[in-house]
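Accompanying notes for the structure given below.
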Amino acid sequence: MDTQEHLTALIAEGAALASAAREAGLAATVPTCPGWLVRDLVRHTCVVHRWATAFVAEAHRTPRPMGPEPDLDGEALLDHFAEGHLALVETLGAAPASLDCWAFLPAPSPLAFWTRRQAHETRIHRVDAESARGGRPTAVSPAHAADGIDELLTGFHARAKSRVRTAAPRTLRVRAVDTETVWTVALSDGPPRTVRGADGETTPADCTLSGTAEDLYLALWNRRPLSSVSISGDPGLAALWESHSAVV
């Protein structure tokens, strides 16, 4: 997926998040984020959007901490969210392809990284807001979902921070049936290593997770139980993922 597609998604996901938060009410609980109310979710996303905007707008080349959450509630908080989301979209849309700033996952460019990362960040938190609202959730297209799986497996869980470890080498396979995409994840006592495509399938899998790209995306990002997808082979590896894979 290209940067413009991610930017278009970011616009839509931010609007959907705000709408779901308003409909749910800021005091509603968020089932997908135990311990959070909707106001906590919105405050968190406000901070993330402004943090990302600063890297792009000011071309920071080193990591910087996130700022404090806004001490706002009600319509003032929703207005603050809308302002920050718009600033992020406008900043990414105006940034040159040659932008040079810090990024924390591999990407074709810093601009591609931040646009993709914020599209998925906002989409996942839109899912959270809709879980608080209830009712029919907004669908995630197969292409966007597969891209989100790819970011998670080849990006986040390739870092030393990943807690998905096994004492002996094991292999987890993830297969999206509607996009015909497969990822093979080599697990060990070090960070997972993921191979995308048929090359990885030469290694037998100890456990395979299969389903639509959307179902896998939400399950792997811990927004649905892994039991919502098909699990074959060793269920212990699926349980390991469910208990240790949260991105913090």
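The shown structure was predicted, so the numbers you read here are calculated from the model rather than taken from an experiment.
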Exercise. Verify the distance criterion only: is there a donor paired with an acceptor across the side chains of T184 and R173 at less than 3.5 Å?
Key: yes
Quiz prompt | Side-chain touch P191/R165, heavy atoms, less than 4.5 angstrom | solution = yes
Exercise. Report yes if the side chains of C46 and L77 come closer than 4.5 Å at any heavy-atom pair, otherwise no.
Key: yes
Quiz item: In Å and rounded to the nearest 0.5 Å, what is the CG to OG distance from L216 to S228?
Solution: 8.0 Å
Quiz item: Any salt bridge between R22 and E75, counting N to O under 4.0 Å?
Solution: yes
Quiz item: CG of D150 to NE2 of H120: how many Å apart, nearest 0.5 Å?
Solution: 8.5 Å
Quiz item: Where does the angle between the aromatic ring planes of F156 and W221 fall among parallel (under 30°), tilted (30 to 60°) and perpendicular (over 60°)?
Solution: perpendicular
Exercise. Would you confirm whether the ring centroid of F113 sits within less than 6.0 angstrom of the ring centroid of W102?
Key: no
Quiz item: Which atom pair, heavy atoms only, marks the closest approach of P142 to A213?
Solution: O-CB, 3.6 Å
Quiz item: Closest heavy-atom contact between L111 and A97?
Solution: CD2-CA, 4.1 Å
Quiz prompt | Backbone N/O of R159 and side chain of S162: donor-acceptor pair under 3.5 Å | solution = no
Practice problem: Name the orientation class of the two ring planes belonging to F55 and H60 (parallel below 30°, tilted from 30 to 60°, perpendicular beyond 60°). | Solution: perpendicular
Quiz item: Are R223 and D215 ion-paired here, with the side-chain N under 4.0 Å from a carboxylate O?
Solution: no
Quiz item: Does some side-chain heavy atom of T171 sit less than 4.5 Å from a side-chain heavy atom of V185?
Solution: no
Quiz prompt | Heavy-atom closest contact (L226 atom, A219 atom, distance) | solution = CD2-CB, 3.7 Å
Practice problem: Evaluate the side-chain proximity of L218 to P137: yes if any heavy-atom separation is below 4.5 Å, no if none is. | Solution: no
Self-check item: Co-membership, hydrophobic cluster, residues L187 and V195, 4.5 Å side-chain
Solution: no
Quiz prompt | L10-L17 co-clustered via ILVMFWY side chain contacts under 4.5 Å | solution = no
Quiz prompt | Non-hydrogen side-chain atoms of T194 and H157 separated by less than 4.5 Å | solution = no
Quiz prompt | Check: H49/T122 side-chain N/O donor and acceptor closer than 3.5 Å | solution = yes
Quiz item: Hey, does the side chain of E130 reach the backbone of T138 with a donor-acceptor pair shorter than 3.5 angstrom?
Solution: yes
Quiz item: Does T91 reach the main-chain N or O of V89 with its side chain, forming a donor-acceptor pair under 3.5 Å?
Solution: no
Quiz item: Is a salt bridge present between D206 and R170, judged by a nitrogen-to-oxygen distance below 4.0 Å?
Solution: yes
Quiz item: Could you give the distance from CH2 (W241) to SG (C207), rounded to the nearest 0.5 Å?
Solution: 11.5 Å
Practice problem: Please answer whether the main-chain N or O of G190 pairs with a side-chain N or O of S188 as donor and acceptor at a distance below 3.5 Å. | Solution: yes
Exercise. Return yes when atom CZ of R61 has more than 12 non-hydrogen atoms of other residues, nucleotides or ligands closer than 6.0 Å, and no otherwise.
Key: no
Quiz prompt | Spacing of CG belonging to L240 relative to OG belonging to S245, to within rounding of 0.5 Å | solution = 8.5 Å
Practice problem: Classify the ring geometry between H6 and H144 as parallel (under 30°), tilted (30 to 60°) or perpendicular (over 60°). | Solution: perpendicular
Quiz item: When you check the side-chain N and O atoms of R39 and H44, is any donor under 3.5 Å from an acceptor?
Solution: no
Practice problem: Might you point out which heavy atoms bring S109 and A112 nearest each other, and give the distance in Å? | Solution: OG-N, 3.0 Å
Self-check item: Check against side chain to side chain contact (heavy atoms under 4.5 Å, CB included), R224 and V229
Solution: CA-CA 9 Å; R224 289 182 185 170; V229 303; over 6 Å; no
Quiz item: Any link between V247 and V30 through a network of hydrophobic side chains (Ile, Leu, Val, Met, Phe, Trp, Tyr) touching at under 4.5 Å?
Solution: no
Quiz item: In Å, rounded to the nearest 0.5 Å, how long is the span from OG1 of T45 to CH2 of W51?
Solution: 13.0 Å
Quiz item: Side-chain contact, heavy-atom cut-off 4.5 Å: I149 with E214?
Solution: no
Quiz item: Taking a hydrophobic cluster as the set of Ile, Leu, Val, Met, Phe, Trp and Tyr residues connected by side-chain heavy atoms closer than 4.5 Å, whether directly or through intermediates, do W183 and L105 fall within one such cluster?
Solution: yes
Self-check item: Test side chain to side chain contact (heavy atoms under 4.5 Å, CB included) applied to Y217 and I124, step by step
Solution: CA-CA 9 Å; Y217 176 57; I124 287 295; 3.8 Å; yes
Quiz item: Taking only residues two or more places apart in sequence, or in another chain, which ones meet E23 in a salt bridge (Lys or Arg N to Asp or Glu O under 4.0 Å)?
Solution: R133
Quiz item: Sub-3.5 Å donor-acceptor pair from the side chain of R175 to the main-chain atoms of E180, do we have one?
Solution: no
Practice problem: Considering non-hydrogen atoms only, spot the tightest contact between A139 and R126 and give its length. | Solution: O-NH2, 4.2 Å
Practice problem: Begin from the C-alpha positions of Q118 and V56 and carry the test side chain to side chain contact (heavy atoms under 4.5 Å, CB included) through to its verdict. | Solution: CA-CA 12 Å; Q118 291 308 301; V56 177; over 6 Å; no
Quiz item: So which heavy atom on A9 is nearest to which on R123, and how close?
Solution: CB-NH2, 3.3 Å
Quiz prompt | Donor-acceptor side-chain pairing of D128 and S131 below 3.5 angstrom | solution = no
Quiz item: Between V182 and E201, is a side chain to side chain contact (heavy atoms under 4.5 Å, CB included) present by the stated rule, with each step listed?
Solution: CA-CA 8 Å; V182 62; E201 293 193 87; 3.6 Å; yes
Quiz item: Would you say E121 and R116 make side-chain contact, with heavy atoms under 4.5 Å?
Solution: no
Exercise. Would you mind reporting whether L220 and L209 have side-chain heavy atoms less than 4.5 Å apart?
Key: yes
Quiz item: If you measure from CG on L92 to OG1 on T53, what distance do you get to the nearest 0.5 Å?
Solution: 6.5 Å
Quiz prompt | Hphob cluster co-occupancy, L72 + V38, side-chain heavy atoms under 4.5 angstrom | solution = yes
